[in-house]
Amino acid sequence: EAQVTQNPRYLITVTGKKLTVTCSQNMNHEYMSWYRQDPGLGLRQIYYSMNVEVTDKGDVPEGYKVSRKEKRNFPLILESPSPNQTSLYFCASTFLGQSNEKLFFGSGTQLSVL
Amino acid sequence: QKEVEQDPGPLSVPEGAIVSLNCTYSNSAFQYFMWYRQYSRKGPELLMYTYSSGNKEDGRFTAQVDKSSKYISLFIRDSQPSDSATYLCAMSESYTGANSKLTFGKGITLSVRP
């Protein structure tokens, strides 16, 4: 089954404790992206990647890191989480150059930073 | 003015009603217009996609784009309880192959009462 898999689904942590949210897709997509979704603010892009070893900042990259060492994986790293990073996070992927803009989203990771 | 504005909702309608969901935008360079549907505790999924102005119909759903007014709409006919979800409009200047950013509206939550 074609899918984007995020782990974990729920995560509660404390300020300053490094964490990684994993994202993996099995559709051979070149493009992958991370979003956060907050009430009243909608979906905002954190980072995106056009291919292996090619990453770039989105609208809200502060406090986050990403890496793209393999085509299928695009982990999101929070080196020193803070309470303002409490949010619902989504990973998404698609083929490059596709005209229908169909982003495939994971099921989300609900992060709480205490 | 925000780049994409979407009616905040929530919206509650009886089963069988015609639903109209709307977004306005300020960036005249937007050419690709999408509607994503997000069920509770799930990631968004592409519902409708339209390039430039015009209408597109898919079953009970019709997407409408008026570039002269910078206004897009999603119409749902004969609404069903299974249509209860959050609907997000999204738009971009080009497709992902051209490194174009997808800008989302904040989303509106629709509830269809049996």
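Every chain is numbered from 1 and lettered A, B, ... according to where its sequence line falls, protein lines coming before strand lines.
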### Message
Please determine whether residues Ile76(B) and Leu47(B) belong to a single hydrophobic cluster, defined as Ile, Leu, Val, Met, Phe, Trp and Tyr linked transitively by side-chain heavy-atom distances below 4.5 Å.
### Response
yes
### Task
Answer with side chain, backbone, both or neither: which region of Asp38(A) has an atom nearer than 4.5 Å to a non-hydrogen atom of chain B?
neither
### Query
With the 4.5 Å side-chain cut-off for hydrophobic clustering, are Tyr51(B) and Tyr36(B) part of the same group?
yes
### Query
Do Phe90(A) and Lys42(B) come within less than 4.5 Å of each other through their side chains, counting heavy atoms only?
no
### Query
Where on Arg44(A) is there a heavy atom nearer than 4.5 Å to chain B: the side chain, the backbone, both, or neither?
neither
### Task
Look at Arg41(B), Glu45(B), Gln6(B) and state which one has the largest set of heavy-atom pairs under 4.5 Å with chain A.
Arg41(B)
### Query
Any link between Phe105(A) and Tyr47(A) through a network of hydrophobic side chains (Ile, Leu, Val, Met, Phe, Trp, Tyr) touching at under 4.5 Å?
no
### Query
Can you check whether Leu103(A) reaches Leu102(B) side chain to side chain, under 4.5 Å on heavy atoms?
yes
### Task
Starting at CZ of Phe104(B), measure out to OH of Tyr35(A) and round the result to the nearest 0.5 Å.
4.5 Å
### Message
Counting heavy-atom pairs closer than 4.5 Å to chain A, which one of Gly107(B), Gly105(B), Pro44(B) comes out on top?
### Response
Pro44(B)
### Query
Hey, does the side chain of Lys106(B) reach the backbone of Gly40(A) with a donor-acceptor pair shorter than 3.5 angstrom?
yes
### Portion of Tyr89(A) that has a non-hydrogen atom of chain B nearer than 4.5 angstrom
neither
### Query
Of the backbone (N, CA, C, O) and the side chain (C-beta and beyond), which part of Leu43(A) lies under 4.5 Å from a heavy atom of chain B, both, or neither?
both
### Query
Any link between Trp34(A) and Leu46(B) through a network of hydrophobic side chains (Ile, Leu, Val, Met, Phe, Trp, Tyr) touching at under 4.5 Å?
no
### Message
Can you tell me if Ile12(A) has over 12 outside heavy atoms packed within less than 6.0 Å of its CD1?
### Response
no
### Query
Between Val54(A) and Tyr48(A), is there a shared hydrophobic cluster once you connect ILVMFWY residues whose side-chain heavy atoms come closer than 4.5 Å?
yes
### Message
For the interface with chain B, which of Gln37(A), Glu30(A), Gln45(A) has the highest count of heavy-atom pairs at distances below 4.5 Å?
### Response
Gln37(A)
